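The block underneath contains the structure these notes are about, expressed in structure tokens.
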Amino acid sequence: MKLTRRLTLLGVTVAVAPLVLVGCTADSDSGGHGGKRAAAPELTVTPGDQTKNVPISAEVGTRVNGGRVTSVRIVDDKGKEIKAEPREDGSSWVPSTSLAPKRTYTAEVTATGDSGKTTTRKTTFTTAPKSTKPATTSTLYFAGNQTYGTAMPVTVAFDPPIPKEARADVQRRLFVKTNPPQPGVWSWVSDGSQVYYRAPDFWKPGTTISVRAGLEGLPIGKDLVGDADRKATSKIGKQVSLEIDNATKQMSVLRDGKLLRKIPVSLGKPSTPTSSGKMVIMEKHQFTTFDTTGSADPYVVDVEDAQRLTWGGEFIHGAPWSEGAQGNTNTSHGCTNVSATAADWLMGVTQVGDLVTVKGTEVPLTEGNGWTAWNVSWDEYVKGSALPVPAGLGPAPAHQGHPGAVAGGSPAPQPSVTGG
């Protein structure tokens, strides 16, 4: 199938290793009763003072003993203040946008000890010229101002794929915030071409998710840099899930775990079987054309109300030509065929990011063929993280009811389509 539409947004990266140098010092005066001096906190700031050729993806690193950071101010060489936010572990402050090349920045950091005594460090550093190295192409599959389903993973794809030794640095530059909080984990597809973010359970309806892929200028190994710094904020809508059973040739449509409707289906014939597994609706099209010209089974067909499930070209779509087979015989090229009326109804019910579970077919879903973050257990999923997983993070204990009711890869450059 050839289908050009993709969800938008780019991003790529590798976190910058802080330069362990200490900037200028301005400690507050020591005092204390009876001549006893109160201990000032020890503070180290990176990049070190007068460091040159700092990547534009740089962060202001802070290390404190005997206190905590209470103030950070970063300004450029024209006096403009640069907004920044702390990492959760307090290890650094991350500028809200990538820095500019060949510019000088000054960071002033103050730490306060338990006694109230402060230590201030100031460091001035200069960023490198614009890199001449080729940029890794990244794609953030999470657009802004959208409403997604409860199974929507945040997905970033990379071309070329990210090697294992660079994945931790890239992962450090991928940020997700949720409101209400639902912490999750990034997990890499084995070949490094895709990384997913999801929580242990499905997102709660109404959750706001803000994403940043802050990859611009990030050194990736010796030969590449990140290509862009992208942000998007969207919300999670109603809980909807689809269950497709090859044994009965029926699709169950559920909302909040309650059955709305059963729809007869015709799945892939034995020579072109539908994949079994947990998928996510990736795209929705009121009209598109399936074109398999150049394949072993070439055809061109116009279809209506098509919803993509895999990069390999499996869709749910209206197929009036197979309505006689729906509910009893598999006749498609791998897609889930439903009646024109049912397909139109589904388009008004589903969202990109809804979970679709197919069972009982001849072949399993392949890793990375679509957004396959839910096709493995949580224990298997977290093995794909390049960074330590927070202790105690896991699915809610033995929740009851339909799993979709609990809130909670490699895209080809030109994905094929296998409709029919």
Side-chain angles (χ1 to χ4, degrees), residues 6 8-21 23 45-62 72-87 91-109 122-144 156-175 192-195 211-232 386 413:
R6 294 288 185 88
T8 56
L9 295 188
L10 294 171
V12 186
T13 42
V14 180
V16 177
L19 303 171
V20 186
L21 300 174
V45 178
T46 59
D49 194 40
Q50 302 306 314
T51 301
K52 310 294 184 183
N53 293 318
V54 175
I56 62 173
S57 58
E59 304 172 14
V60 175
T62 57
V72 174
R73 185 171 186 267
I74 307 169
V75 296
D76 64 16
D77 45 20
K78 296 182 179 180
K80 180 181 178 181
E81 188 164 351
I82 307 300
K83 293 182 180 180
E85 293 184 276
R87 287 187 176 272
S91 61
S92 69
W93 285 65
V94 183
S96 59
T97 59
S98 56
L99 302 177
K102 296 184 67 175
R103 296 288 297 277
T104 298
Y105 295 85
T106 298
E108 185 174 277
V109 182
K122 182 182 288 187
T123 183
T124 297
F125 58 92
T126 302
T127 53
K130 183 176 177 62
S131 178
T132 58
K133 294 179 180 180
T136 295
T137 299
S138 64
T139 304
L140 172 59
Y141 290 102
F142 190 90
V156 185
F158 301 93
D159 182 20
I162 304 300
K164 279 189 176 181
E165 60 271 19
R167 292 177 194 173
D169 287 337
V170 171
Q171 192 172 321
R172 287 189 189 97
R173 294 290 298 181
L174 304 175
F175 308 96
S193 61
Q194 219 167 226
V195 64
V211 181
R212 179 187 177 192
L215 305 173
E216 184 177 7
L218 180 70
I220 301 178
K222 296 180 180 179
D223 302 322
L224 298 169
V225 295
D227 64 346
D229 193 328
R230 304 287 180 149
K231 298 178 182 179

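We're numbering straight along the sequence, starting at 1. For clarity, every value in this text was computed on a predicted model and none was experimentally measured. The analysis underlying the following values was restricted to heavy atoms, covering all of them including side chains, and did not include hydrogens, waters or symmetry mates.
A distance-only check finds no donor-acceptor pair linking the side chain of Tyr105 to the backbone of Ile82 [under 3.5 Å]. Thr123 places a side-chain N or O within 3.5 Å of a backbone atom of Asp49 that can act as its donor or acceptor partner. Panel note: side chain Thr62, backbone Val45; no donor-acceptor pair is recorded below 3.5 Å.
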Please assess Thr126 against Thr51 for the test side chain to side chain contact (heavy atoms under 4.5 Å, CB included), listing each intermediate value before the final yes or no. CA-CA 6 Å; Thr126 302; Thr51 301; over 6 Å; no

Using the side chain to side chain contact (heavy atoms under 4.5 Å, CB included) rule, take Ile220 and Val225 through it: C-alpha gap first, then chi angles, then the decisive distance, then the call. CA-CA 5 Å; Ile220 301 178; Val225 295; 5.8 Å; no

Begin with the C-alpha distance, continue with both residues' side-chain angles, and end with the deciding distance and a verdict on side chain to side chain contact (heavy atoms under 4.5 Å, CB included) for Glu59 and Arg172. CA-CA 11 Å; Glu59 304 172 14; Arg172 287 189 189 97; 5.8 Å; no

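Here the shortest heavy-atom pairing between Ala58 and Val54 reads CB-CG1, 3.3 Å. A pairwise comparison of heavy atoms in Gly217 and Ser57 identifies O-OG, 3.8 Å as the closest pair. In terms of heavy-atom proximity, Thr124 sits nearest to Thr106 at OG1-OG1, 2.9 Å. Shown here for Ile56 and Glu216, the closest heavy-atom pair between the two residues is CG1-O, 3.7 Å. Contact between Gly144 and Ala232 at its shortest, heavy atoms only, is N-CB, 3.7 Å. Nearest heavy-atom pair, Lys130 versus Pro101, reported as atom, atom and distance to 0.1 Å: N-CB, 3.6 Å.
Side-chain atoms of Val195 and Phe158, non-hydrogen and from C-beta on, do get closer than 4.5 Å to each other. Pro160 places a side-chain heavy atom less than 4.5 Å from the side chain of Leu224. A heavy-atom distance below 4.5 Å is found between the side chains of Ile74 and Val60. Under the 4.5 Å side-chain criterion, counting only non-hydrogen atoms from C-beta, Phe125 is in contact with Leu99. When side chains are defined from C-beta on, Phe175 counts as touching Arg87, because their heavy atoms get closer than 4.5 Å. A heavy-atom distance below 4.5 Å is not found between the side chains of Asp227 and Thr136. Proximity of Val75 to Arg73: side-chain heavy atoms (C-beta onward) are separated by under 4.5 Å at one or more points. Side-chain contact between Ser91 and Pro86: absent, with no pair of heavy atoms (C-beta onward) separated by less than 4.5 Å.
Interatomic distance, Lys52 NZ to Lys102 NZ, rounded to the nearest 0.5 Å: 12.0 Å. Taking CG from Asp77 and CZ from Arg103, the interatomic distance works out to 4.0 Å, rounded to the nearest 0.5 Å. The structure places NZ of Lys83 at 6.5 Å from OG of Ser96, a figure rounded to the nearest 0.5 Å. The distance from atom CD of Gln50 to atom OG1 of Thr104, rounded to the nearest 0.5 Å, is 8.5 Å.
Using a 4.0 Å cut-off between charged side-chain N and carboxylate O, Arg212 and Glu85 make no salt bridge. Ion pairing between Glu108 and Lys122 holds under the 4.0 Å rule for side-chain N and carboxylate O. Salt bridge annotation for Asp223-Lys133: absent, with no cationic side-chain nitrogen under 4.0 angstrom from a carboxylate oxygen.
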